[in-house]
Asker: 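The structure follows.
In what follows, chains carry the letters A, B, and so on, assigned in the order in which the sequence lines appear, proteins first and then strands, with residues in each chain numbered from 1.
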4 protein chains.
Amino acid sequence: MVQSQTRAVAQDSPLAERFRQTRALTEALAAPLSESDATIQSMEDASPAKWHLAHTTWFWETFLLRDHVADYELHDERWPFLFNSYYEADGERHARGRRGMITRPDVDEVLGWRRAVTDAMAPLVEDPSLAPLIALGIAHEQQHQELLLTDIKHALFQNPLGPAMFPSPSPLVGEGRAPSGAQGEGPEEKTAAQAAAGGSDPSPNPLPQGEGALQGTEHPGGIAAVGHDGSGFAFDCEGPRHRVLLEPFALADTLVTNAEWDAFIADGGYRSAALWLSDGWAWVQDHGIGAPLYWRDGDHFTLAGWQPRDPNAPVTHISYYEADAFASWAGMRLPTEFEWEAIARGQHADEAPAHDPAAGNQLDHPDLWAGPVQPTGSDGLFGDCWQFTRSAYLPYPRFQPAAGAVGEYNGKFMSGQFVLKGASCATARGHSRASYRNFFYPHQRWQFTGLRLAKDI
Amino acid sequence: MVQSQTRAVAQDSPLAERFRQTRALTEALAAPLSESDATIQSMEDASPAKWHLAHTTWFWETFLLRDHVADYELHDERWPFLFNSYYEADGERHARGRRGMITRPDVDEVLGWRRAVTDAMAPLVEDPSLAPLIALGIAHEQQHQELLLTDIKHALFQNPLGPAMFPSPSPLVGEGRAPSGAQGEGPEEKTAAQAAAGGSDPSPNPLPQGEGALQGTEHPGGIAAVGHDGSGFAFDCEGPRHRVLLEPFALADTLVTNAEWDAFIADGGYRSAALWLSDGWAWVQDHGIGAPLYWRDGDHFTLAGWQPRDPNAPVTHISYYEADAFASWAGMRLPTEFEWEAIARGQHADEAPAHDPAAGNQLDHPDLWAGPVQPTGSDGLFGDCWQFTRSAYLPYPRFQPAAGAVGEYNGKFMSGQFVLKGASCATARGHSRASYRNFFYPHQRWQFTGLRLAKDI
Amino acid sequence: MVQSQTRAVAQDSPLAERFRQTRALTEALAAPLSESDATIQSMEDASPAKWHLAHTTWFWETFLLRDHVADYELHDERWPFLFNSYYEADGERHARGRRGMITRPDVDEVLGWRRAVTDAMAPLVEDPSLAPLIALGIAHEQQHQELLLTDIKHALFQNPLGPAMFPSPSPLVGEGRAPSGAQGEGPEEKTAAQAAAGGSDPSPNPLPQGEGALQGTEHPGGIAAVGHDGSGFAFDCEGPRHRVLLEPFALADTLVTNAEWDAFIADGGYRSAALWLSDGWAWVQDHGIGAPLYWRDGDHFTLAGWQPRDPNAPVTHISYYEADAFASWAGMRLPTEFEWEAIARGQHADEAPAHDPAAGNQLDHPDLWAGPVQPTGSDGLFGDCWQFTRSAYLPYPRFQPAAGAVGEYNGKFMSGQFVLKGASCATARGHSRASYRNFFYPHQRWQFTGLRLAKDI
Amino acid sequence: MVQSQTRAVAQDSPLAERFRQTRALTEALAAPLSESDATIQSMEDASPAKWHLAHTTWFWETFLLRDHVADYELHDERWPFLFNSYYEADGERHARGRRGMITRPDVDEVLGWRRAVTDAMAPLVEDPSLAPLIALGIAHEQQHQELLLTDIKHALFQNPLGPAMFPSPSPLVGEGRAPSGAQGEGPEEKTAAQAAAGGSDPSPNPLPQGEGALQGTEHPGGIAAVGHDGSGFAFDCEGPRHRVLLEPFALADTLVTNAEWDAFIADGGYRSAALWLSDGWAWVQDHGIGAPLYWRDGDHFTLAGWQPRDPNAPVTHISYYEADAFASWAGMRLPTEFEWEAIARGQHADEAPAHDPAAGNQLDHPDLWAGPVQPTGSDGLFGDCWQFTRSAYLPYPRFQPAAGAVGEYNGKFMSGQFVLKGASCATARGHSRASYRNFFYPHQRWQFTGLRLAKDI
């Protein structure tokens with residue numbers, strides 16, 4: 001496996017260390033936010049930053065402290081009702097859309113709860129019998145770290161002043177991307193668009209519609225073993241490991257870029273019904289969609305406010321509908337989740353190395369950033385953007401949800417959503433893996449979503 | 001005129017003094033709020049407290065400083081767009097519903113703007129030529145003081161914890177109600193319900209449906225002069241003064257109480273279609289209405305959190321539809337705005353004193369409160385609750401809106417709304433008058449709205 | 001009173017004759033419709049033609065036959081549920097929007113019901129004790145005749161083929177307009193627009209914004225007696241007769257025309273927020289309104305399909321919002337219902353004749369038409385279009401709804417609607433009168449609504 | 001292959017014969033409808049019967065006559081706009097919901113069009129070069145036959161009178177079900193519920209939650225060849241044929257019955273959030289779902305009006321959400337589309353016969369019916385109800401949509417929907433096959449949808 005040279009916490013650190021670093025990272029991400037930044041909710045899909053701070057704490061207090069510490073007393077008996085996302089009863093969905101109305105407890109009170117729970121957890125994180133539950137809690141909190149960033153981005157975007165959560169980026173110094181040695185060299189730098197156009201100039205139309213060529217990695221097809229193999233933590237939906245049959249295909253080595261997306265727009269991509277799924281076309285019409293979320297002229301909104309777009313950076317904040325339409329326009333298609341996983345595992349050729357899930361542009365502690373999290377272009381399959389697959393998010397053969405409330409976690413979402421693979425610039429480094437299955441509805445695009453093309457061969 | 005013994009700023013104070021006290025009161029009302037309390041917006045009808053702090057400042061900066069001070073530079077050029085409620089263009093209505101997304105500038109920045117503008121206004125408030133505009137600005141800011149209180153009440157109500165903005169009330173010491181000497185004495189204390197029931201016991205059904213008797217003030221009918229008479233400030237919609245013909249009627253001396261409303265509920269008031277306007281019945285069905293806003297069992301939500309209801313206090317937070325249905329149930333009707341005004345002016349009898357618009361339970365500086373603002377029962381026609389009339393909010397004969405942006409103020413709302421008269425416990429003392437026309441849509445009830453019955457005689 | 005020379009049934013015909021002619025006219029209006037034309041419902045505000053045929057029959061069967069004929073057996077016990085618009089209970093409003101789903105009973109069955117009920121009514125229409133109820137039933141059925149025409153117009157308009165219910169008009173031969181002698185003569189023919197422009201050429205901008213002059217009838221102001229005087233039939237909401245105070249005003253002699261409306265559009269009327277009520281401007285934005293309903297280029301949709309617009313004909317199918325905005329643009333205003341009624345009664349001058357409510361372009365039996373009902377321009381205050389007033393539809397002093405189900409008829413609609421006066425080309429001649437109060441919500445415009453300007457003098 | 005003894009047109013009849021019989025069947029199905037029955041549209045998902053009559057005719061006229069007959073003149077140039085479901089442009093979706101507004105042309109005119117087109121097709125149906133397109137047209141028209149029945153069922157259901165399209169059923173005489181010899185014998189008659197309960201009495205709780213046993217056909221797992229094999233007609237989405245890996249499983253021999261569904265309801269199935277997908281639970285809450293569509297007490301609405309439910313008949317008109325929740329409650333799961341197909345093809349055992357796609361309770365000419373189409377319980381995998389699978393409707397490997405407008409047919413719907421296999425009582429016999437992929441959204445249930453359980457072994 002290619003080694004990642006990251007300063008993030010290694011996945012093989014002691015669990016106690018990973019627990020503390022995870023708690024600290026969540027707080028570091030929320031630190032630049034004002035009391036009101038942390039309170040508001042911009043849409044039902046998103047939650048307030050304070051809610052993320054609190055909900056992740058509720059998880060530890062409920063499933064670890066309450067359930068495994070004798071005579072544990074809740075920090076505040078009234079707060080579980082506010083910060084529990086699991087409780088299913090009449091009106092719960094309404095409550096979800098009203099999370100932004102909870103001004104009290106305030107952020108300081110929630111941070112106090114965080115400290116108390118983190119401290120109370122100290123003995124438990126050393127208890128091997130609780131390790132699986134603690135690994136789940138860490139993974140859960142990492143998911144909310146990513147949501148915290150994407151949710152607050154959406155919230156700040158609502159303000160016509162375009163406020164920045166983090167300072168504007170200084171020039172990248174090669175950090176936060178790994179392995180750095182591979183950047184900017186050789187043919188890998190060419191985009192799929194350039195390859196398709198047969199030249200090095202991405203403009204004006206790097207990916208002419210029709211027969212597309214694709215600079216990518218080929219897989220000869222055959223039986224692949226997919227799903228979590230049982231070593232280390234994984235969510236229940238990643239298993240059971242099982243075999244699938246693949247047909248020969250190629251997967252692009254790079255993500256589709258902003259420049260390529262500009263070409264799609266210039267070619268009338270958003271006005272050509274034939275490129276779109278029926279539901280996608282209705283979505284385009286009903287919402288007047290004509291560009292990725294956060295685009296305005298040559299700029300886009302980032303966690304550092306409005307910034308010029310880098311044409312060579314991966315396009316992000318696109319929906320499944322847009323990804324699918326782009327692929328049709330480019331004469332290619334989206335990969336399946338299994339095709340993607342087979343390449344990530346290095347199954348396409350003898351001696352092929354697996355991709356390092358901890359490499360690439362992923363989330364580290366803010367102290368390590370040269371700029372706010374934003375896709376910049378990585379080698380490898382992990383980092384920058386979650387990548388849409390054409391696979392619906394459905395149970396694997398013999399899938400059984402975990403028992404109890406924790407089992408409500410993944411299985412109940414298995415209708416109407418698509419699987420995304422990889423990791424994004426907002427994914428805590430160490431969180432993802434080849435078997436990871438992220439999932440969203442086809443119209444959602446406030447996550448750092450992107451597109452890696454595939455093709456039958 | 002009956003004298004009010006209030007510690008509030010007299011309406012005849014120098015304008016400069018009234019300006020400063022108004023500015024100070026707004027800030028005092030917002031002082032108990034946290035940064036996030038002041039930021040959130042609970043519904044499109046309501047605005048954040050911070051928005052009220054800012055919008056009232058925008059008014060002074062725009063119509064006074066910008067327009068009347070040479071070379072005045074805006075405190076921040078970007079803020080008028082955020083805090084201007086007048087600008088009419090595509091998408092403005094969406095913006096209205098998104099006021100709760102503005103976390104920056106924060107409250108401290110807005111308070112800094114307030115101070116700067118208040119200071120810069122110092123020379124202008126002494127300029128007699130600007131007095132009409134300054135009086136308008138004061139009236140405008142007073143309106144937003146009331147909205148600030150009703151809007152934040154609605155926002156805090158969204159929180160299942162029921163947070164309190166102000167401490168729970170200590171026993172009333174007779175303050176905040178004027179003239180205090182009239183309290184608790186004689187037949188005036190009897191409610192209309194008691195009168196109707198022919199006894200002193202309000203329960204179980206104080207206002208039996210059908211032929212209702214009414215303890216009130218009679219007017220013999222005839223020509224009445226209504227509308228603002230030109231002395232002192234008034235909004236454009238209060239004039240021109242004109243004559244109307246009145247038929248003989250009586251107006252109740254007291255507001256309908258919580259106990260009377262309980263009787264209406266117990267008698268199936270919310271389930272009897274025949275009592276309701278067609279639109280009102282649809283509203284009851286569509287929203288599952290069965291009680292005034294903020295009621296829950298025997299409690300109601302107040303600015304001091306959840307509190308037991310006082311059965312003898314005026315009912316409040318009712319819609320026009322509810323007020324009209326109650327009146328039908330009681331065998332009476334709502335007064336017209338002109339009937340109400342004629343009584344308020346003392347036109348019903350020779351030597352009859354006018355009601356003091358500055359008397360009763362109205363808004364003073366919080367230092368003067370024994371408890372949070374809440375209807376408690378007043379003598380006189382002003383205070384406790386705004387009182388629905390059956391008059392639609394329409395232009396008076398020969399009404400002409402004021403020219404310019406200020407003219408957009410009232411005239412453009414003249415469809416679909418009803419006039420309310422009086423003043424509420426959240427109305428800045430000194431703000432209202434006999435000609436005052438408050439107006440709301442018939443389904444709205446987050447204001448301190450109440451009901452005073454009338455009857456043909 | 002000016003005499004109308006109409007071939008319609010005189011209002012003073014025997015009631016039995018008027019009953020039979022009313023029943024026949026309803027059927028004649030529906031005769032050109034196919035089974036499916038008569039079944040569909042284009043929106044919740046409208047009802048199917050078959051429903052009108054049935055509902056008017058239900059009225060007679062319920063309030064006359066069932067209540068006044070011993071042992072009367074319902075034609076079909078299940079049909080009252082389908083065709084009763086009064087029954088108020090859970091779900092009734094949904095049912096209203098689903099009237100177009102009732103394919104059975106079919107039109108022939110409903111016509112059979114009509115015949116049976118009409119026949120069974122024969123003895124009752126001769127019974128003087130039932131005369132008031134029969135007069136009410138006739139008025140009720142006449143209202144539904146008008147709705148039948150406006151509802152089917154809206155339904156046929158939904159079809160891209162633009163089907164015609166009636167043949168295209170042949171040249172008018174002067175019928176259906178009374179008194180015909182007044183047509184085309186003298187200064188009365190000049191529109192208000194022409195007068196305002198100071199010339200005879202209506203284009204390009206016949207009504208420049210600002211100070212408008214108005215060719216109309218002046219009233220000196222004073223006390224006017226309004227409301228139904230008790231002779232002949234009237235709806236309960238038209239009384240009690242009472243006095244109102246009027247200020248001096250003038251009321252235009254003619255309705256605003258299509259050409260004048262074209263000038264309003266050309267002058268940016270639909271894009272100038274300052275001309276509009278706040279609710280009206282929101283309606284314009286939300287629905288993309290830019291012209292009266294049924295306009296398309298130089299044509300408009302009529303009951304004879306798509307036809308060229310006559311620039312000199314009165315504009316119709318406008319909302320209150322549009323009427324109010326036009327009046328603002330023209331520098332004038334809408335009249336109040338009382339101003340309109342005072343002119344209609346000839347109260348403005350000694351010896352002034354009252355306007356004949358049965359004159360003008362109103363609905364006769366189709367055999368009398370030169371073309372489908374459509375405003376063409378009439379003298380007098382009645383006919384062509386219902387005319388918006390600025391009066392909200394509210395109870396008159398001492399108004400009491402009639403007892404029983406019949407009392408649900410008018411009073412329960414007294415919120416949110418505006419009064420219209422006059423009569424339209426689809427109003428059964430003889431149905432209207434000076435005290436008549438038609439009412440609609442300010443956004444509705446599928447009726448033959450128009451505009452007669454007024455002005456303070 | 002098991003032979004079907006059906007009187008329906010054999011799939012190997014000459015194409016010309018199949019064309020004519022298909023045209024005749026469509027007309028026979030619409031024959032019992034009145035002009036208005038055939039015109040109305042009860043919801044956006046459904047279309048009027050007349051629209052189906054016209055749209056299927058538009059297909060032949062457009063893709064056969066217009067494209068393959070020199071100088072062919074359209075029957076009416078304006079009708080393609082009305083009856084084309086393919087045209088994608090602004091406003092098309094609105095038009096879809098307004099199909100019920102097209103009263104003209106009427107049914108007779110559309111039937112005239114049908115005759116003219118059927119006649120004009122005569123030479124083309126003999127042309128071998130057009131055979132693939134004609135086979136597509138027949139399949140297309142058969143799909144609309146099924147929709148015609150399910151759409152009109154939904155429309156008639158809107159009428160509180162519950163009108164019947166067909167007479168009430170007389171006792172079944174064994175027709176319409178094949179092979180009849182297998183009925184009522186041996187253990188196959190036992191339901192899965194009975195097996196699970198370990199007894200023969202289905203009540204009160206035939207399928208206790210938890211470990212379920214399943215009376216079914218076992219498959220040992222392995223590589224299966226699925227998708228259309230190229231012989232005979234198939235839709236593009238049924239191919240390409242490809243291999244999939246199956247794990248060992250069992251598929252129930254019978255469909256879930258009404259009695260079993262009653263047990264699910266009695267056990268609180270609709271009130272147990274844990275049984276439901278997240279989206280499904282929201283759907284249950286938002287729409288107050290508590291039973292299959294068309295159920296009322298012990299009755300259900302059928303094409304013969306309201307009828308008592310047969311407890312032993314297959315449950316129908318359920319959504320994917322309901323099917324999935326039931327399977328969870330029963331301790332089983334839904335099959336994948338590939339598992340279902342493998343059993344249908346007899347791949348589970350050597351010598352196992354394939355299921356006859358033309359057997360079972362499917363749609364024949366009405367002359368052959370003993371009662372209206374309704375699930376009654378069949379042997380075999382085809383007939384009675386379409387059966388939900390847990391497979392999302394997605395492209396098979398190397399799927400390429402057909403070129404041109406015909407290619408818009410299936411591929412564009414590949415998001416958000418689930419595959420259903422089999423055939424229903426409303427599916428034209430001969431229309432379905434093992435590779436057939438029907439698809440609907442998980443909330444839709446107006447089709448004859450049902451449930452066949454599966455289980456890992």
Asker: For a side chain to side chain contact (heavy atoms under 4.5 Å, CB included) check, start with the C-alpha distance between Trp79(D) and Leu161(C), then their side-chain angles and the critical distance, and finish with the verdict.
Answerer: CA-CA 9 Å; Trp79(D) 294 2; Leu161(C) 303 188; 4.1 Å; yes
Asker: Heavy-atom distance under 4.5 Å between the side chains of Arg98(C) and Ser42(D), does that happen here?
Answerer: yes
Asker: List the atom of Glu35(D), the atom of Ser36(C), and the distance in Å for their closest heavy-atom pair.
Answerer: OE2-OG, 3.2 Å
Asker: For Arg271(D), does the CZ atom have more than 12 heavy-atom neighbours from other residues, nucleotides or ligands under 6.0 Å away?
Answerer: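 No - once you tally the heavy atoms of other residues, nucleotides and ligands closer than 6.0 Å, there are 12 at most.
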Asker: With chain C as the partner chain, list the residues of residues 100-111 of chain D whose heavy atoms fall under 4.5 Å from it, by residue number, and write 'none' if nothing qualifies.
Answerer: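 Counting heavy atoms that sit under 4.5 Å from chain C, the residues of residues 100-111 of chain D involved are Gly100(D), Met101(D), Ile102(D), Thr103(D), Arg104(D), Pro105(D).
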Asker: Check whether any side-chain heavy atom of Thr39(C) lies under 4.5 Å from a side-chain heavy atom of Thr39(D), and answer yes or no.
Answerer: no
Asker: Which residues pass the side-chain contact (heavy atoms from CB on, under 4.5 Å) test with Ala116(C), sequence neighbours left out?
Answerer: His75(C)
Asker: Mind checking whether Leu82(D) and Asn159(C) have side chains closer than 4.5 Å, heavy atoms only?
Answerer: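 Sidechains of Asn159(C) and Leu82(D): in contact.
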Asker: Using the ring-ring contact (aromatic ring centres under 6.0 Å, His included) criterion, which residues pair with Phe166(C)? Sequence neighbours excluded.
Answerer: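 By the ring-ring contact (aromatic ring centres under 6.0 Å, His included) rule, Phe166(C) matches Trp369(C).
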Asker: Counting only pairs under 3.5 Å, give me each side-chain donor-acceptor contact of residues 297-306 of chain C, with atom names and distances, residues two or more places apart or in other chains.
Answerer:
{"from": "Thr302(C)", "atom 1": "OG1", "to": "Ala304(C)", "atom 2": "N", "distance (Å)": "2.9"}
{"from": "Thr302(C)", "atom 1": "OG1", "to": "Gly305(C)", "atom 2": "O", "distance (Å)": "2.8"}

